[in-house]
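Below is one structure, written out as structure tokens; the observations come after it.
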Amino acid sequence: MTWYKVGREESLKDGDLAKASAGGHEVLIIRDGDKFYATSHLCTHEEYDLADAFLDDHQLICPNHFATFDPKDGSVISPPEGAGDISPLKTFSLKVENGDIMVEF
Ligand code: FES
């Protein structure tokens, strides 16, 4: 496992999402207040790109059919209506060091 720099803390405002790639992986970086999270970037329903998702009340919402995920652990809070169960998002270890956002793969 290796830590990769995927961005700078000041480049994301509260509620911002950004896709980043490092070490052959693509991830979604999420800022919620002072907290940062890293998850897989494709919705587990129909692989919509979650760079276009949004945060509402600490929940990550896919705008395609409104699946809702917890950005802390990737768990599904609610699947799209009528879709049945969907898989959680993958999550990755993230730390901020000297303003650098680092993700471990
Ligand atoms: S693709 Fe995300 S909810 Fe359907």
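Counting starts at 1 for both ligands and their atoms, in listed order.
Cluster annotation: Tyr37 is not connected to Val103 through the hydrophobic network of ILVMFWY side chains, with a link wherever side-chain heavy atoms come within less than 4.5 Å. Hydrophobic clustering, with ILVMFWY side chains joined whenever heavy atoms are under 4.5 angstrom apart, keeps Phe54 apart from Leu28.
Taking atom 4 (Fe) of ligand 1 as reference, His65 places its N/O/S atom ND1 nearest. Restricting His45 to its N/O/S atoms, the shortest distance to atom 4 (Fe) of ligand 1 is reached by ND1.
Shown here for Val96 and Glu9, the closest heavy-atom pair between the two residues is CG1-OE1, 3.7 Å. In this structure, Tyr4 and Ala22 approach most closely via the heavy-atom pair CB-CB, 3.5 Å.
Close contacts of ligand 1 with Cys62, meaning ligand atoms under 4.0 Å from a residue heavy atom, involve 1 (S), 2 (Fe), 3 (S). Atoms of ligand 1 found under 4.0 Å from any heavy atom of Asn64, numbered from 1 in the order shown, are 1 (S). The distance from ligand 1 to the heavy atoms of Pro80 drops below 4.0 Å at these ligand atoms: 3 (S). Distances below 4.0 Å separate heavy atoms of Tyr48 from the following atoms of ligand 1: 1 (S). Those atoms of ligand 1 that come under 4.0 Å of a heavy atom in Glu46, given as number and element, are 1 (S). Close approach to Ala67 involves these atoms of ligand 1, each under 4.0 Å from a residue heavy atom: 3 (S).
No more than 12 heavy atoms of other residues, nucleotides or ligands lie within 6.0 Å of CD in Glu81, so this atom counts as exposed by the packing criterion. For Asp34, the CG atom counts as loosely surrounded, since its 6.0 Å shell holds 12 or fewer non-hydrogen atoms of other residues, nucleotides or ligands.
The distance from atom 2 (Fe) of ligand 1 to the nearest N/O/S atom of Cys43 is under 2.8 Å.
Between Lys35 and Asp32 there is no salt bridge, since no side-chain nitrogen of the basic residue lies less than 4.0 Å from a carboxylate oxygen of the acidic one.
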